[in-house]
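All residue numbers refer to positions in the sequence shown, counting from 1.
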Amino acid sequence: MLNRKSTTQIALQPAASPSNISEPPSYPRPATQHDLDTLQHTTDTIPLAAWSCIFFGAFERFAYFGLIAPWQNYMQNPRKADSRALPGALGLGQATATNVSNAFFLFSFLAPMLFAVVSDTKLGRYKTLVVGLMLYLVGCVVLVCTALPQALDAGAGVPGLGVAMVFVGLGVGCIKACYAPFLGDQVGVGKARVESRSGREVIVSGERTLQFVYNAYYWFTNIASLSSVPVTYIERIYGFWQAYLLTTVALAVGMMFFVIWSSRFVKIEPQGNVLPRAGKTLACAAKSGFKLDHAKASYQETHFGRSVPWSDTFVEEIKKGLIACRVIFSLLIFYLVISQMYNNLISQAGSMILSGIPNDLPQAFSGVACIIFGPLIQVLYSFLAKHRIRFGPIARLTTAFVFCGLSMAYAAGIQKLIYSTEPCYNRPFQCAASKDGKQPNNISIWLQTPVYFLLAIGEILGFVTAFEYAYSKAPPGMKAVVMAFSQLTAGLASVLGMAVSPAAKDPNMVVMYGVLAGAMGATAAVFWLVFRDLDGRERELNQWDGNENREERDFD
């Protein structure tokens, strides 16, 4: 029973008014720093255009890996009627074939800068991609025609390969420069926002969304990379031109769908040629003590009374883009290690007992491993995000370097076993007991499998992070250019590979793999010491372009 005092207090309380009732929070809303530090980060809804872009990109990767898988055999080994011998066509030898392979990779890594400039300043990414795909298709058709037995008999094999490599290299260069930024455009990432999901607040993170999309793209492209399996069997059983025909048809189908879907894609028009302005900004900084802050309009006006045609914000964008370029350039040895899958590791497999499989098939193990580990690594990212544990891009790249170093250390161990095994020991196929090149050393090719599994983990962590880093840190008008810079780094790795290719032959391969393992380990250590602080500045460094406006309208 209530006493008088409590009854009086209740009676005297004013009636609730609308102003006394707290309004429920409205979503979505911009994320505050407190939100970023305390709430779980999750991905945004992935648009259909992004999934379509991923799907069509898989067709191109099917063609690419199907083309390069047989190249080492095609170039290295001579044509032989004996079905037990390794398949071949041009008979250039291991060192020359490796050199030509590295030259192609170099060209395909230099070409992106040309297409990046065209994309960012003239045509836009979609139109540039269509041009590149047409060049790509021409190269594939030339390769099919010149790999025909009649063409090889007429001596068209070497010149045909050269012409095909030029056109394919241009097409691949265009893809490398423009496809990852074009995929990023479809996502429409922007500034972090807070939403309510399953009754609780979460951060919808542009970083995590972009990371998920590039992981998905890499997962699908690794499924496509298994084209090396049917291609190598077709090469072995039927011939090279039939293998190349399969990849040509795949590229044509992917290109057809890419054009048909044109109206559904987000196409960001070029924002004008910002490269001259960026060059002048850097020149101004060089004249002012080699400090970019000294190139800012406010600094020039205050200290020199000079007016410059760029803003302080533009200089900040350039600074962040240069940080991204420094990080990406550190992938030099990483790219060199990855390239071993397409030349020296194929040659290593050729000197082992093949157990009925082609010697250029084991590189497909890397694709299989990527398919297995890709979702597992994405689950790891989600687990870490749920518990707000940072595993930033610098940490991911450092881990990638470690796994690649371990793969080369293991390859050196396998090579040591090969050299310790009969019949030819450290001169595989070069002794009388090899029965005219038909008897490899007595060691199973399956021992090579862990090399590709270690490389796969390094690839997932390295390549996906490089895509994400280049797109998110690049200035709005220079995303393809920064992506092309990452390919230029890979090109320099090919130059390095060409420089050491004369030594890439028996009996030097144990030392070769050992040096690569040591260089990769040293790179991981130095990279972490120099760049580890950047993970703490991740959100500050991100540069989202006009796509973020689509999200910001939701807050109005």
Side-chain angles (χ1 to χ4, degrees), residues 51 53-74 87 101 105 136 140 143-144 168 171-172 175-176 179-180 183 214-255 257-258 338-343 345-346 348-350 354-378 403 407 445-446 448-464 467:
W51 286 117
C53 192
I54 290 170
F55 180 70
F56 302 148
F59 277 93
E60 182 275 326
R61 291 290 88 182
F62 183 101
Y64 177 74
F65 286 106
L67 285 175
I68 66 174
W71 266 359
Q72 189 74 5
N73 280 345
Y74 185 71
S101 176
F105 290 132
Y136 202 152
C140 290
L143 186 60
V144 171
V168 171
V172 170
I175 295 296
K176 288 179 182 295
Y179 209 82
L183 174 57
Y214 283 135
N215 264 325
Y217 174 60
Y218 201 69
W219 191 75
F220 273 91
T221 58
N222 274 284
I223 294 177
S225 75
L226 297 182
S227 62
S228 59
V229 176
V231 162
T232 51
Y233 275 102
I234 292 172
E235 159 211 356
R236 183 181 181 186
I237 299 171
Y238 299 103
F240 286 98
W241 76 266
Q242 294 97 326
Y244 294 140
L245 179 61
L246 174 63
T247 61
T248 303
V249 171
L251 181 64
V253 171
M255 183 176 176
F257 281 119
F258 189 70
I338 294 296
S339 71
Q340 301 306 302
M341 283 194 292
Y342 310 116
N343 40 62
L345 287 174
I346 293 175
Q348 183 188 70
L354 299 180
S355 303
I357 68 172
N359 70 304
D360 42 9
L361 177 65
Q363 62 181 295
F365 297 161
S366 176
V368 172
C370 285
I371 294 169
I372 295 170
F373 289 121
L376 295 178
I377 289 176
Q378 186 61 44
F403 275 98
S407 74
I445 192 174
W446 297 107
Q448 208 186 34
T449 305
V451 175
Y452 294 99
F453 276 67
L454 291 167
L455 282 173
I457 297 174
E459 281 188 79
I460 296 168
L461 293 170
F463 283 133
V464 174
F467 288 156

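Closest heavy-atom contact between L354 and A349: CD2-O, 3.3 Å. Shortest non-hydrogen contact noted between W51 and A216 is CZ3-CB, 4.0 Å. Minimum heavy-atom separation, S407 to L455: OG-CD2, 3.1 Å. Of all the heavy atoms in C370 and A456, the pair that sits closest is SG-CB, 3.6 Å. Looking at every heavy atom in both residues, I372 comes nearest to L376 through O-CG, 3.5 Å. The two residues G66 and S227 have their closest heavy-atom pair at N-OG, 3.2 Å.
Ring geometry for F56 versus F257: interplanar angle under 30°, hence parallel rather than tilted (30 to 60°).
Every side-chain hydrogen bond (donor to acceptor under 3.5 Å, both in side chains) that N73 has, sequence neighbours left out, goes to N77, E235, N359, D360. With sequence neighbours left out, the side-chain contact (heavy atoms from CB on, under 4.5 Å) criterion links Y238 to I234, Q242. By the ring-ring contact (aromatic ring centres under 6.0 Å, His included) test, F373 is found to be paired with no residue, residues two or more places apart in sequence or in another chain being considered. Checked against side-chain contact (heavy atoms from CB on, under 4.5 Å), W219 has the following partners two or more places apart in sequence or in another chain: I223, I371, P375. Under the side-chain hydrogen bond (donor to acceptor under 3.5 Å, both in side chains) criterion, Y179 pairs with no residue at all, not counting sequence neighbours. Looking at residues two or more places apart in sequence or on another chain, you find no ring-ring contact (aromatic ring centres under 6.0 Å, His included) involving F62. The side-chain hydrogen bond (donor to acceptor under 3.5 Å, both in side chains) check on Q348 picks up Q415, Q448, with sequence neighbours excluded. With sequence neighbours excluded, the residues that form a side-chain contact (heavy atoms from CB on, under 4.5 Å) with T449 are F365, W446, F453. Partners of Y64 according to the ring-ring contact (aromatic ring centres under 6.0 Å, His included) rule, which considers only residues two or more places apart in sequence or in another chain, do not exist here. Partners of F65 under the ring-ring contact (aromatic ring centres under 6.0 Å, His included) rule, at least two apart in sequence or in another chain, do not exist in this structure. For V464, the side-chain contact (heavy atoms from CB on, under 4.5 Å) criterion is met by Y214, N215, Y218, not counting sequence neighbours.
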Practice problem: Please step through side-chain contact (heavy atoms from CB on, under 4.5 Å) for the pair I460 and F403, ending with a clear verdict. | Solution: CA-CA 11 Å; I460 296 168; F403 275 98; over 6 Å; no
Quiz prompt | Test side-chain contact (heavy atoms from CB on, under 4.5 Å) applied to L67 and V168, step by step | solution = CA-CA 9 Å; L67 285 175; V168 171; 4.1 Å; yes
Quiz item: Step by step, would you call V231 with Y244 a side-chain contact (heavy atoms from CB on, under 4.5 Å)?
Solution: CA-CA 8 Å; V231 162; Y244 294 140; 5.7 Å; no
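The structure places CG of L143 at 11.0 Å from CG of L245, a figure rounded to the nearest 0.5 Å. The line from CD of E60 to CZ of F258 is 10.5 Å long, rounded to the nearest 0.5 Å. For the atom pair R61 CZ and T247 OG1, the distance stands at 12.5 Å (nearest 0.5 Å). Interatomic distance, OG of S101 versus CD1 of I346, reported as 8.0 Å (0.5 Å rounding).
Looking at Y217 and C53, their side chains never come closer than 4.5 Å, going by heavy atoms from C-beta outward. Side-chain contact check for R236 versus T232: every heavy-atom pair is 4.5 Å or farther apart. Between F463 and I338, some side-chain heavy-atom pair lies under the 4.5 Å cut-off. Using a 4.5 Å heavy-atom cutoff, the side chains of L345 and Y452 are in contact.
The side chain to side chain donor-acceptor pair (under 3.5 Å) analysis of residues 365-376, with sequence neighbours excluded, yields the pairs S366-E459.
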